[in-house]
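The structure under discussion appears below in the form of structure tokens.
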Amino acid sequence: MCELLGMNANVPTDICFSFAGLMRRGGQTGPHSDGWGITFYDGKGCRSFHDPSPSAESEIARFIRSYSIKSTNVICHIRRANRGRVALENTHPFIRELWGRYWTFAHNGQLKGVKTLPLSVYQPVGSTDSEHAFCWMLDRLRERWDRPPAFKTLCREIRALAEELNGMGVFNLLLSDGRALFCFCSTNLAWLTRRHPFGNATLIDEDLSVDFAQETTARDVVTMIATRPLTRDEEWTIMDKGSLVVFRDGCCL
């Protein structure tokens, strides 16, 4: 299946180090060679890059790795195609507007029969089960509220929608409106929070280390979420299957 990477932080932070590890899994240390994409939030706007080529061979991925785009919310996906052909329109993350904000969605897993779920306002551009699921989720939220509900109410509804989709197969999810990062674990997701005092970290997939004490301030809080841990010398929390974890300002809520 595909692999996911997300970041949520209390200050604009770059994801170059973690992205360097993930991109190797896109056709080099892993089989996820059917495209990749990444979205960086900047206030209410976002920058998004997609490429149907393997991330380990992509010139765009090399640019992202070397160019420090700072953001408080990032969602990244490397694809191993199982539903939908290898094509630009089928690369995650997918983006739509709801309640005056851009929502970004990335998923790994397969959802049997998801395309039988009715859609109204939101329609897929590509042919993946993932994009159909995203459109269905946003339709349900839009139908229920014409403006954002209370945050705890929104979290409960996203959990309920994710659980319904999880009943159709495997639904590992990263979802963001640019403020919070919603993470639903169907089979595999792990996270870690970096905060003062910061230490060293070494990637699993590449011979690369960083001393975060030299790259951060004492007030920084940064959480990383990935399908599988990306570093070998940090303590990752493995999410329980069927659980939803929400991060805001780098902290687990």
Rounded at 0.5 Å granularity, tell me how far [atom1] in [X] sits from [atom2] in [Y].
X: N188; Y: N108; atom1: CG; atom2: CG; answer: 7.5 Å
X: F171; Y: D129; atom1: CZ; atom2: CG; answer: 9.5 Å
X: N166; Y: L244; atom1: CG; atom2: CG; answer: 11.5 Å
X: R96; Y: L138; atom1: CZ; atom2: CG; answer: 8.0 Å
X: D139; Y: L141; atom1: CG; atom2: CG; answer: 9.0 Å
X: I38; Y: R65; atom1: CD1; atom2: CZ; answer: 13.0 Å

Would T116 and V114 count as a side-chain contact (heavy atoms from CB on, under 4.5 Å) here? Give the steps. CA-CA 5 Å; T116 65; V114 71; over 6 Å; no
Going only through I, L, V, M, F, W and Y residues with side-chain contacts under 4.5 Å, is there a path from [X] to [Y]?
X: V74; Y: F63; result: yes
X: I75; Y: M239; result: yes
X: L161; Y: V245; result: no
X: I60; Y: I15; result: yes
X: V221; Y: I225; result: no

Side chain proximity check, [X] to [Y], heavy atoms < 4.5 angstrom:
X: F184; Y: N172; result: no
X: T231; Y: L192; result: yes
X: M7; Y: V222; result: yes
X: S53; Y: W36; result: no
X: M137; Y: F105; result: yes
X: C76; Y: L4; result: no
X: Q123; Y: C135; result: no
X: V210; Y: N200; result: no

Examine distances only and state if a side-chain atom of [X] and a backbone atom of [Y] form a donor-acceptor pair shorter than 3.5 Å.
X: N8; Y: N73; value: no
X: T153; Y: P149; value: no
X: T227; Y: L189; value: no
X: S176; Y: A180; value: yes
X: T13; Y: V11; value: yes
X: K115; Y: A133; value: no
X: N90; Y: A87; value: no
X: E131; Y: G126; value: yes

Just checking [X] against [Y], ring centres under 6.0 Å apart?
X: W103; Y: Y122; value: no
X: F134; Y: H132; value: no
X: F182; Y: F247; value: no

Counting neighbours of [atom1] on [X] that are heavy atoms of other residues, nucleotides or ligands and sit closer than 6.0 Å, is the number greater than 12?
X: Y102; atom1: OH; value: no
X: E235; atom1: CD; value: no
X: R142; atom1: CZ; value: no

Of the non-hydrogen atoms in [X] and [Y], which two are nearest, and what is the gap between them?
X: L117; Y: W136; value: CB-CD1, 3.6 Å
X: P229; Y: I204; value: O-CD1, 3.3 Å
X: A213; Y: F198; value: N-CB, 3.6 Å
X: E143; Y: S120; value: OE2-OG, 3.5 Å
X: G6; Y: L174; value: N-CD1, 3.7 Å
X: G35; Y: T91; value: CA-CG2, 4.2 Å

Less than 4.0 angstrom from a charged side-chain N to a carboxylate O is my criterion; do E234 and R194 meet it?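 Salt bridge between E234 and R194, a charged N being under 4.0 Å from a carboxylate O: yes.
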Derivation and outcome, salt bridge (charged side-chain N to carboxylate O under 4.0 Å, His left out), residues R47 and D42: CA-CA 8 Å; R47 297 179 176 90; D42 185 352; 3.5 Å; yes
Could you walk me through whether N10 and T72 pass the side-chain contact (heavy atoms from CB on, under 4.5 Å) test, one step at a time? CA-CA 6 Å; N10 67 336; T72 54; over 6 Å; no
Determine whether F94 and V125 satisfy the following criterion, side-chain contact (heavy atoms from CB on, under 4.5 Å), listing intermediate values before the conclusion. CA-CA 10 Å; F94 302 109; V125 175; over 6 Å; no
Could you check whether [Y] and [X], counting side-chain N and O atoms only, form a donor-acceptor pair closer than 3.5 Å?
X: T202; Y: D233; value: yes
X: T104; Y: T39; value: no
X: S58; Y: D51; value: yes

Test side-chain contact (heavy atoms from CB on, under 4.5 Å) on W99 and W145; report intermediate values, then the result. CA-CA 9 Å; W99 302 323; W145 298 288; 4.0 Å; yes
Using the ring pair (Phe, Tyr, Trp, His ring centres under 6.0 Å) rule, pick out the option among H107, H92, H50 that qualifies with H77.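 Answer to the ring pair (Phe, Tyr, Trp, His ring centres under 6.0 Å) test with H77 among H107, H92, H50: H92.
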Quick one: sort the F40 and F49 rings into parallel, tilted or perpendicular, breaks at 30° and 60°.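 Answer is perpendicular, since the angle exceeds 60°.
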When you measure from the centre of the six-membered ring of Y67, is the NZ or CZ of R62 under 6.0 Å away and within 45° of the axis?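 No cation-pi geometry.
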